[in-house]
Novice: 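Let me begin by handing over the structure; questions about it come next.
Atoms considered below: every heavy atom in the structure, side chains included; atoms not considered: hydrogens, waters and symmetry mates.
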Amino acid sequence: MPKPSRICATKQEFYTLYPTYVAWKRVLLKQGGTTDGCYPPGPRSNISLSGLLAYRRGRLEFLQSLAQRYGDICYLKLGPHHTYFLNHPDLIKEVLVTNSQNFVKGLALQRAKRLFGEGLLTSEGEFHSRQRRLAQPAFHRARVESYATHMTAYADRSRQRWQDGATVDIAEEMMHLTLAITGKTLFDTDVESKTSEVGEAISRLLRATDTASLTSIFRDLLKKLPLLRRLDNTKAKFEQAKNKLDAIIYRLIDERRRSGTDRGDLLSMLLLAQDLEGNGGPMTDQQLRDEAITIFLTGHETTAAALTWTFYLLSRHPDVEARLHTEIDKVLGGHLPTIANLAHLSYTEMVLSESMRLYPPAWGIQRMALNDCEIGGYQVPKGAQVLMSQYVIQRDARYFPDPLRFDPERWTQQARDARPQFSYFPFGGGTRRCIGEGFAWMEGLLLLATLAQKWKMSLAPKHAVALQPVMSLRPKYGMRMTLKKRRQ
Ligand code: HEM
């Protein structure tokens, strides 16, 4: 089990992690370590309920400690599930790309389906391939680039609203901003007036989904406990929030179908899509709802998290921040950034890449084996769970020496070429690779450049920074930062 001093990038992280470290040390010491030939090395016995609760409190540290203790492939029994945790880029590539047809999302997907229905993120097999074909044109480069002006206009609106010396929660600010941009690019609608209502519904949904992920593992056990009443409550709240969002989305679909016009947004593209390779039909209202809610949720939370951690890291590394400002001032010359500027904002891109290395918005990927197979020389049975974590591998010293150091220089072309594929995979890989990757890069860079052009931020004194790995890697207590207007 690594000491927090070895895995924490900042003092704040250290102090927040220490209690988790103590809890985990207890769990791992009790479990012991073993290899019995058939299985890869890993904790000997089934992870207990107390262990599972500790996992919930500090799952990233737990996964990191497994990697450090047991190596490239580790076996553990999480509740009733045989679980293989992979810590080598080649093994990850095998599951996501080479042998991807043998893996489905499985358990993780069942839980997420309550929220996303049969959208791109959660569907499987032929249905997923069809939906991906139908949605692809909406993410075509030219279409995505047409959203650049919306992105900078919304970022400009935020930065104009900010007051010099004010302390704000940057995590919340970024969520509002990316939510407004998703509303505009997906539905051509200004959700900003309703942001708090929609944002709150989404937050509640995500919290409920997270609770469900713990309970599914020990559902039978929990049925016998009084805790169930609380879970029932959570379920009711989840349904309420979901119904509220659904109502908004169905109303928008209905309005658009009746108007019959291409408004230039993603919804228009989804409505117009015809599956020429398959049965040629368009999407039904239900499919449109599932895809819209999928893009709505996946499209704003992850990018907001990436930007939040980037501003946090910049505030801790004034040298990097100064170099970023120099590039932005030189390339933009005081104007709002455009698509044409992106090719010249190379340091800005290196900063964002490095930030997503240390704080990957998608921190882990889970799959289930459809048939018996072999991974890393071990027999993996049908039905086994396979875990891979961007957070763990992207902090592995074999690929990123002195891994906790925030160093954008790791992203020169030469340095990238020297590293194995899948030592860095913030957007996943293979057929399930993020469809919004181009959108996310463009949005991340444009927003970072627009906001950093006018503002610097420093962490509010005594603000605790801790990780909350839910759907995305969020800062657990938000990110309270004081705004300082830049004098150029
Ligand atoms: C920094 C921002 C983002 C990160 C780090 C990210 C990460 C990911 C990852 C890792 C996956 C693959 C999950 C898996 O294999 O299980 C994924 C899938 C997906 N992402 Fe993103 N994403 C981001 C932004 C976006 C945006 C902006 C959109 C839409 C506008 C989006 C839409 C999707 C969709 C629809 C899928 C499912 C694709 C499929 O399975 O075919 N993402 N994302």
Side-chain angles (χ1 to χ4, degrees), residues 2 6-10 12-13 17 59-61 63-64 67-68 72 86-93 96 171 174 301-317 319-321 323-324 327 345-365 387-429 433-434 436-438 440-445 447-448 452 465-469 471-475 479:
R6 292 204 352 242
I7 59 171
C8 293
T10 65
Q12 266 106 351
E13 278 185 36
L17 267 187
R59 58 190 84 171
L60 295 176
E61 299 72 41
L63 293 177
Q64 241 181 349
Q68 294 205 349
D72 290 346
L86 310 183
N87 279 301
H88 193 284
D90 293 349
L91 302 182
I92 294 171
K93 184 175 175 186
L96 293 184
M174 293 304 109
E301 156 125 14
T302 38
T303 316
L307 285 164
T308 302
W309 291 115
T310 305
F311 285 118
Y312 164 68
L313 286 164
L314 287 172
S315 76
R316 313 314 276 172
H317 299 85
D319 49 331
V320 175
E321 186 187 53
R323 207 173 141 191
L324 177 83
E327 177 178 91
L345 290 169
S346 49
Y347 192 69
T348 312
E349 188 179 332
M350 287 159 74
V351 166
L352 193 57
S353 303
E354 178 66 346
S355 162
M356 285 199 282
R357 178 185 74 80
L358 278 171
Y359 298 101
W363 54 273
I365 290 183
L387 297 179
M388 297 148 279
S389 169
Q390 291 94 329
Y391 181 87
V392 174
I393 206 122
Q394 292 174 190
R395 287 177 175 226
D396 189 322
R398 289 177 291 179
Y399 316 111
F400 299 97
D402 193 4
L404 300 183
R405 193 160 50 86
F406 175 59
D407 180 10
E409 290 303 316
R410 299 183 202 268
W411 298 96
T412 59
Q413 196 54 51
Q414 200 187 5
R416 282 167 190 257
D417 293 344
R419 281 190 295 265
Q421 206 192 355
F422 289 97
S423 55
Y424 181 76
F425 62 115
F427 294 94
R433 191 181 176 105
C434 177
E437 181 174 354
W441 272 112
M442 189 177 89
E443 185 181 25
L445 293 172
L447 266 48
L448 178 55
V465 177
L467 303 173
Q468 188 182 31
M471 276 273 294
S472 69
L473 186 57
R474 292 182 184 180
M479 189 68 77

Novice: Rounded to the nearest 0.5 Å, how far does CG of L352 lie from CG of L447?
Specialist: 10.5 Å

Novice: Between Y312 and R316, do the side chains contain an N or O donor and an N or O acceptor separated by less than 3.5 Å?
Specialist: no

Novice: To the nearest 0.5 Å, what is the distance between CZ (R59) and CD (E61)?
Specialist: 10.5 Å

Novice: Looking at side-chain heavy atoms only, is the closest gap between Y399 and Y424 below 4.5 Å?
Specialist: no

Novice: I need the minimum non-hydrogen distance between L60 and P469, along with the two atoms involved.
Specialist: CG-CG, 3.9 Å

Novice: Which pair of heavy atoms, one from V465 and one from W309, lies closest together, and at what distance?
Specialist: CG1-CZ3, 3.8 Å

Novice: Would you say the side chain of R419 lies within less than 4.5 Å of the side chain of R410, judging by non-hydrogen atoms?
Specialist: yes

Novice: Taking all heavy atoms of L358 and all of L313, pick out the closest pair and write down the distance.
Specialist: CD1-CD2, 4.3 Å

Novice: Determine whether H317 and D407 make a side-chain contact, defined as any pair of heavy atoms from C-beta on separated by less than 4.5 Å.
Specialist: no

Novice: What heavy-atom pair brings A305 and L473 nearest, and what distance separates the two atoms?
Specialist: CB-O, 3.7 Å

Novice: Please test S353 against W441 for side chain to side chain contact (heavy atoms under 4.5 Å, CB included), starting from the C-alpha separation and ending with a verdict.
Specialist: CA-CA 9 Å; S353 303; W441 272 112; 3.4 Å; yes

Novice: Can you check whether L448 reaches T310 side chain to side chain, under 4.5 Å on heavy atoms?
Specialist: yes

Novice: For E354 and W411, which I'm curious about, is there any donor-acceptor pair between the side chains at under 3.5 Å?
Specialist: yes

Novice: Give the intermediate values and the outcome of side chain to side chain contact (heavy atoms under 4.5 Å, CB included) for residues L96 and M388.
Specialist: CA-CA 10 Å; L96 293 184; M388 297 148 279; 4.1 Å; yes

Novice: Of all the heavy-atom pairs spanning E327 and T348, show the shortest one and how long it is.
Specialist: OE1-OG1, 2.6 Å

Novice: Are Q394 and M356 close enough that some pair of their side-chain heavy atoms sits under 4.5 Å apart?
Specialist: no

Novice: With the side chain counted from C-beta on, respond yes when R357 and P403 share a heavy-atom pair under 4.5 Å apart, and no when they do not.
Specialist: yes

Novice: Taking the cut-offs as 6.0 angstrom to the six-membered ring centre and 45 degrees off its axis, would you call R395 and Y359 a cation-pi pair?
Specialist: yes

Novice: Just wondering, do I393 and P89 contact through their side chains at under 4.5 Å, heavy atoms?
Specialist: yes

Novice: On a heavy-atom basis, which atom in S472 and which in W363 lie closest, and how many Å separate them?
Specialist: C-CD1, 4.1 Å

Novice: Walk me through whether L314 and V320 qualify under side chain to side chain contact (heavy atoms under 4.5 Å, CB included).
Specialist: CA-CA 7 Å; L314 287 172; V320 175; 3.9 Å; yes

Novice: Would V351 and F406 count as a side chain to side chain contact (heavy atoms under 4.5 Å, CB included) if you check the C-alpha gap in whole Å, the side-chain angles of each, and the deciding distance to 0.1 Å?
Specialist: CA-CA 9 Å; V351 166; F406 175 59; 4.1 Å; yes

Novice: When rounded to the nearest 0.5 angstrom, what is the spacing between NZ in K93 and OG in S423?
Specialist: 11.5 Å

Novice: Kindly confirm or rule out a cation-pi arrangement of R323 over Y347, judged by NZ or CZ under 6.0 Å from the six-membered ring centre and within 45° of its axis?
Specialist: yes

Novice: Nearest 0.5 Å please: distance from the OG atom of S389 over to the CD1 atom of I365.
Specialist: 9.5 Å

Novice: Measuring from atom CG of L307 to atom CD of E443, what distance do you get when rounded to the nearest 0.5 angstrom?
Specialist: 7.5 Å

Novice: Once rounded to the nearest 0.5 Å, what's the spacing between atom CG of L467 and atom CZ of R474?
Specialist: 13.0 Å

Novice: Keeping Q468 on the side-chain end and P475 on the backbone end, is there a donor-acceptor pair under 3.5 Å?
Specialist: no

